[in-house]
Amino acid sequence: MSNVVVVGSFNVDHVWRCEVLPAPGATIAGRYSTGPGGKGFNQAVAARRAGADTTFVCALGDDAGGAMARGLAAQDGFTLTAEACSEPTGTGGIYVDARGRNTIVIGPGANAALSIGFVQGQQALLAAAKVVLVQLESPVDTIEAALGLAREAGVITVLNAAPADAPSSISLLKLADVITPNETEFAALLNRHVGERIDPNDVAALDGASLHALCRKLVGSGTVVVTLGAVGVFVSHDEDTLRGDAQPYYRIGAEQVQAIDTTGAGDAFNGALVASIAHSPDAPFARHVRFANQFAGRSTEKEGAAVAMPHFTPDDQPA
Ligand code: ATP
């Protein structure tokens, strides 16, 4: 049985680094690389490298992509439990220009076929975990089922509400003890669920009290962690459940790092956050956030997402 269970997506990413992004009708040359991706897989790798005994629940096709996922999970030392699908394994086609801007097309494939029935079959696994982590690159009903099973068993639930345009519902948000949107996802959730319009670029500059009030409008109870990229993190708790913290809201500044590629920084943050919670569930929440912030910062010092996850655990950190 694992301390952390991640339910989510796996993609084979195909990446072309080009001088400029291709215009419609254009054919251009770029430097090609391929590797693993998908928010679920990246977060499972991060949780494992941050020290958690981890199981990743996903859906894979019977193809080279599926074999890649299984091989890499074995290499990194976590358990992979996959629903076998007739659809191909998920793929991502990514163009990155010289300025680091990207254009991405996702072929969800098997990820879109991860079924409620398969997740229900993992009930014992989910109930025995210390933390269950999900994202929204899989069918929302399936994700809701996973959170529901974990919640019923009293397991801590974390929802990384990403990507921003994925469907979500208030009932889904209520099943999470902690939600972890980035600025864009936070703005999208506010717009969708409370009719509050806010420019994602303005989120980091808001004062703490205003940001806290927005978090409370979004979820009456529960914790919201808004990741703010190079600015760091903002945390807002429901005042009745401070999770060991002294204050209902606070900011933690980003690590000073030489960032060369921030792809997957959010995934690094989420995986490390749940690993830290599973390692010491009674520690103040701010300690988990500080650890995740350091881990995510370090992940930006290498190119790539899953492959760039560092190896260090809460035991390597000063208390
Ligand atoms: P991505 O979509 O690229 O995976 P994201 O948009 O979901 O990332 P961000 O908010 O950009 O997530 O970053 C997540 C966390 O990673 C931040 O809260 C911070 O802890 C860390 N981080 C990101 N960028 C930097 C940076 N330039 N320097 C230091 N830490 C960073």
Side-chain angles (χ1 to χ4, degrees), residues 1-11 36 38-62 66-85 89-90 110-162 171-172 174-180 267 270-282 288 306 309 313-314:
M1 286 299 165
S2 293
N3 288 338
V4 166
V5 175
V6 181
V7 181
S9 55
F10 172 81
N11 290 328
K39 292 181 189 297
F41 184 83
N42 292 343
Q43 293 179 19
V45 170
R48 177 67 198 122
R49 294 192 185 178
D53 185 354
T54 302
T55 294
F56 176 45
V57 176
C58 62
L60 298 173
D62 181 15
M68 178 200 262
R70 292 177 204 283
L72 291 173
Q75 212 172 298
D76 247 300
F78 62 91
T79 306
L80 184 149
T81 302
E83 180 169 11
C85 293
T89 296
N111 295 314
L114 181 65
S115 68
I116 294 178
F118 186 75
V119 163
Q120 285 170 336
Q122 310 306 316
Q123 193 266 342
L125 176 78
L126 292 162
K130 289 196 173 132
V131 193
V132 168
L133 169 64
V134 299
Q135 325 74 33
L136 299 175
E137 283 185 335
S138 308
V140 69
D141 294 351
T142 304
I143 293 306
E144 192 158 338
L147 286 181
L149 289 166
R151 172 58 67 81
E152 255 171 52
V155 174
I156 298 170
T157 51
V158 179
L159 166 65
N160 176 224
S171 62
L172 178 83
K174 281 188 192 305
L175 285 170
D177 295 309
V178 180
I179 64 170
T180 58
D267 296 334
N270 279 279
L273 182 75
V274 296
S276 180
I277 296 172
H279 176 271
S280 38
D282 298 327
H288 307 313
M309 299 299 171
T313 76

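Keep in mind that this is a model prediction, so the values were computed, not measured. Computed from heavy atoms alone, side chains included, the values below leave out hydrogens, waters and symmetry copies.
You'll find the side chain of Asn111 stays beyond 4.5 Å of the side chain of Glu137, heavy atoms only. Within the 4.5 Å cutoff, the side chain of Ser280 has heavy atoms near those of the His288 side chain.
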Self-check item: Val119 and Leu126: CA distance, side-chain angles, deciding distance, side chain to side chain contact (heavy atoms under 4.5 Å, CB included) verdict
Solution: CA-CA 9 Å; Val119 163; Leu126 292 162; 4.1 Å; yes
Let's go through Leu133 and Gln43 carefully: what are the C-alpha distance in whole Å and the side-chain angles of both, what is the deciding distance for side chain to side chain contact (heavy atoms under 4.5 Å, CB included) to 0.1 Å, and is it a yes or a no? CA-CA 9 Å; Leu133 169 64; Gln43 293 179 19; 3.2 Å; yes
* To do: Decide side chain to side chain contact (heavy atoms under 4.5 Å, CB included) for Leu72 and Gln75; before the verdict, give the C-alpha distance in whole Å, the side-chain angles of both, and the deciding distance to 0.1 Å.
  => CA-CA 5 Å; Leu72 291 173; Gln75 212 172 298; 3.9 Å; yes
Show your working on side-chain hydrogen bond (donor to acceptor under 3.5 Å, both in side chains) between Gln122 and Thr81 and close with a plain yes or no.
CA-CA 9 Å; Gln122 310 306 316; Thr81 302; 4.7 Å; no
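A distance of 7.5 Å separates SG in Cys85 from CG in Leu114, rounded to the nearest 0.5 Å. Annotation: the span from Phe118 atom CZ to Thr142 atom OG1 amounts to 11.0 Å, rounded to 0.5 Å. Distance check: Glu144 CD to Leu136 CG gives 10.5 Å after rounding to the nearest 0.5 Å. Residue Asp76 holds its CG atom at 4.0 Å from CZ of Arg49, rounded to the nearest 0.5 Å. We find the CG-CE distance between Asn11 and Met68 to be 11.0 Å, quoted to the nearest 0.5 Å. Of the inter-residue distances, the one linking Leu172 atom CG with Ile179 atom CD1 reads 9.0 Å to the nearest 0.5 angstrom.
Of all non-hydrogen atoms in Gly66 and Leu60, the two that sit nearest each other are O-CD1, 3.8 Å. Taking both residues in full, the closest heavy atoms of Asn42 and Pro36 are given as OD1-O, 4.3 Å, listed atom of the first, atom of the second, then distance.
Judged by distance alone, the side chain of Thr157 and the main-chain N or O of Asp177 form a donor-acceptor pair under 3.5 Å.
Among Thr54, Thr79, Thr55, the one residue that satisfies the side chain to side chain contact (heavy atoms under 4.5 Å, CB included) test with Arg48 is Thr54. In summary, of the residues considered (Leu159, Val7, Val6, Asn270), a side chain to side chain contact (heavy atoms under 4.5 Å, CB included) with Gln135 occurs for Val6 alone.
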